[in-house]
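Naming convention: chains lettered A, B, ... in sequence-line order (proteins, then strands); numbering from 1 in each chain.
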Number of protein chains: 2
Amino acid sequence: MAKTDDPNPDSHPQGGTVPGTDGDRRAQLVDAAVDHVAAHGIADVSLRRLGAAIGVSHRMLIHYFGSKEQLLVEIVRTSERRRRELLSQLRLEPGLSSVEAARRLWHRLTDPGLAGQERLFFELCGQALRGRPEAVPVLDGLVSDWLEPLVAAETAAGADPVSARNRARFGLATVRGLLLDLLATGDRAGVDAALEEFLRLYYGPE
Amino acid sequence: MAKTDDPNPDSHPQGGTVPGTDGDRRAQLVDAAVDHVAAHGIADVSLRRLGAAIGVSHRMLIHYFGSKEQLLVEIVRTSERRRRELLSQLRLEPGLSSVEAARRLWHRLTDPGLAGQERLFFELCGQALRGRPEAVPVLDGLVSDWLEPLVAAETAAGADPVSARNRARFGLATVRGLLLDLLATGDRAGVDAALEEFLRLYYGPE
DNA sequence: TCGCGAGTGTACCGAGTGGTACATGCCGGA
DNA sequence: TCCGGCATGTACCACTCGGTACACTCGCGA
């Protein structure tokens, strides 16, 4: 009856938060997988190619993750976690004016070293909008994750709650759109100039 | 030497602009293909599934387009053409204030009937950023196509050329970001409110 | 020293892919 | 009436895919 050869087959340890010996290898593999996927895309990845790229056989990926589907889920989850960590680093430095804080945030977001991660983000958006199951979780945090700190910043700057939320959502959309523009055109100067135009309107001329 | 059986094999007529009997069938097929792809995604389409969905055998798709690759190119091109036609319909009606024109444009863009097309657009963006060859042309028109009419509108409203370009690029990015927000969250009211916030800042309170 | 279990590689399977070869049916002109 | 060319279907090919079966090699406890 058993579909596999082993009565306790390929346990693909749930690693996750456990830093045990199992989870080590698992976490190491998923980290390498995310790096590869950020560099080469996730759309047409295959277990064999991915395995060859990160130095294991596709058999091992099945062993550790159970199936390709679960490996992709893990990759998306880890990529989301990285993005979240990036977001948490973007705490506002107290002495800074809002516009200057926004400017620094933009420059951190557009660091060329993050380009792969950003491209992966947009790629996952596209797939998530199509309902590809492992990518759908991206949609959940797409707006809400970023809205919360932005709204907090707006209210701290004295906006009433409703207008704070609207302003935050508007600002997030603009930054996203400019990021896509930058990735698509590579026109750093042009996009930076458009951002300055945005900042001037958003935070007033001063 | 010939790889195919026929000395004049599967001519996959270049149809294109020619409305002859060949191009008719070809154009009809590519139209149906775009519809299907807009509804079900382009990422994992196969000739067999696509053929079954639009009522031909995969053999016929190869016959008319030569290869899957060329069919995808044709699909992207046609989808781009549709988008361009949509854009050309969005002429400013003379008697309208700028803000009201922008509001109408937004409502047309977010027509639920266009959701499939918009999703396809973002899906293609994701693939194009990865360098998938048939999707790359999307990147070319991504900014420039829209910038031109927007810049024209800005200069007509009295902005100097440099600021017109920056404003247009900024506005385009915001609308794109809000569109992605809407597709991802479905929160029509929230996104509309954010758009109103944008319009208030962009065109002044008046 | 033995054995056992975890980790790993290799070979394989069925399914699905893009693409090809060939047969068949159909229609218009001689 | 016949015939040639086009459209289309069916069967097939080589290949890759995700996933499985099994053999092998270690290290470690008894």
Fill in the blank from the handout: Minimal heavy-atom distance between B:V73 and B:E134, with the atoms involved, is CG2-CB, 3.7 Å
Problem - Min side-chain heavy-atom separation A:L120-B:R130 under 4.5 Å - result: yes
Problem - Phosphate-side-chain proximity, B:R59 and D:dA11, N/O vs OP1/OP2 below 4.0 Å - result: no
Exercise for the section: Specify the separation, in whole Å, of atom CD of B:E69 and atom C1' of C:dG18. Expected result: 12 Å
Exercise for the section: May I ask you to test the B:L50-B:I54 pair for a side-chain heavy-atom distance under 4.5 Å? Expected result: yes
Problem - Ring centre gap for B:F122 and A:F122 strictly below 6.0 Å - result: no
Exercise for the section: Evaluate the ring planes of A:F170 and A:Y202, with Trp represented by its six-membered ring, and classify them as parallel (under 30°), tilted (30 to 60°) or perpendicular (over 60°). Expected result: perpendicular
Practice task
Can you tell me the distance, in whole Å, between the CG atom of B:L61 and the P atom of D:dA7?
Solution key: 14 Å
Problem - Phosphate-side-chain proximity, B:H63 and D:dA7, N/O vs OP1/OP2 below 4.0 Å - result: yes
Completion exercise
Whole-Å distance, B:K68 NZ to C:dG19 C1', equals 12 Å
Exercise for the section: Please state how far atom OH in B:Y64 lies from atom P in D:dG9, giving the value in whole angstrom units. Expected result: 10 Å
Fill in the blank from the handout: Taken to the nearest whole Å, CZ/A:R25 to C1'/C:dT8 is 10 Å
Exercise for the section: Please round to the nearest 0.5 Å and tell me the distance separating atom NE2 of A:H63 and atom CE of A:M60. Expected result: 5.5 Å
Problem - hbond_proxy A:H58 side chain to D:dG19 base (donor-acceptor, 3.5 Å cutoff) - result: yes
Problem - Nucleotide of D:dT20, C:dG9, D:dT8 approaching A:I62 most closely (side-chain heavy atoms) - result: D:dT20
Exercise for the section: Return no unless some side-chain N or O of B:S57 is found under 4.0 Å from OP1 or OP2 of D:dG9. Expected result: yes
Completion exercise
Heavy atoms of B:R169 and A:A194 approach each other most closely as CB-CB, 3.8 Å
Practice task
Give, ordered by number, those residues of residues 35-50 of chain A having at least one heavy-atom distance below 4.0 Å to an atom of DNA chain D; if nothing qualifies, reply none.
Solution key: A:V45, A:S46, A:L47, A:R48, A:R49
Completion exercise
Rounded to whole Å, the CZ-C1' distance (A:R26 to C:dA6) equals 16 Å
Completion exercise
To the nearest angstrom, the CE-P distance between B:M60 and C:dT20 comes to 13 Å
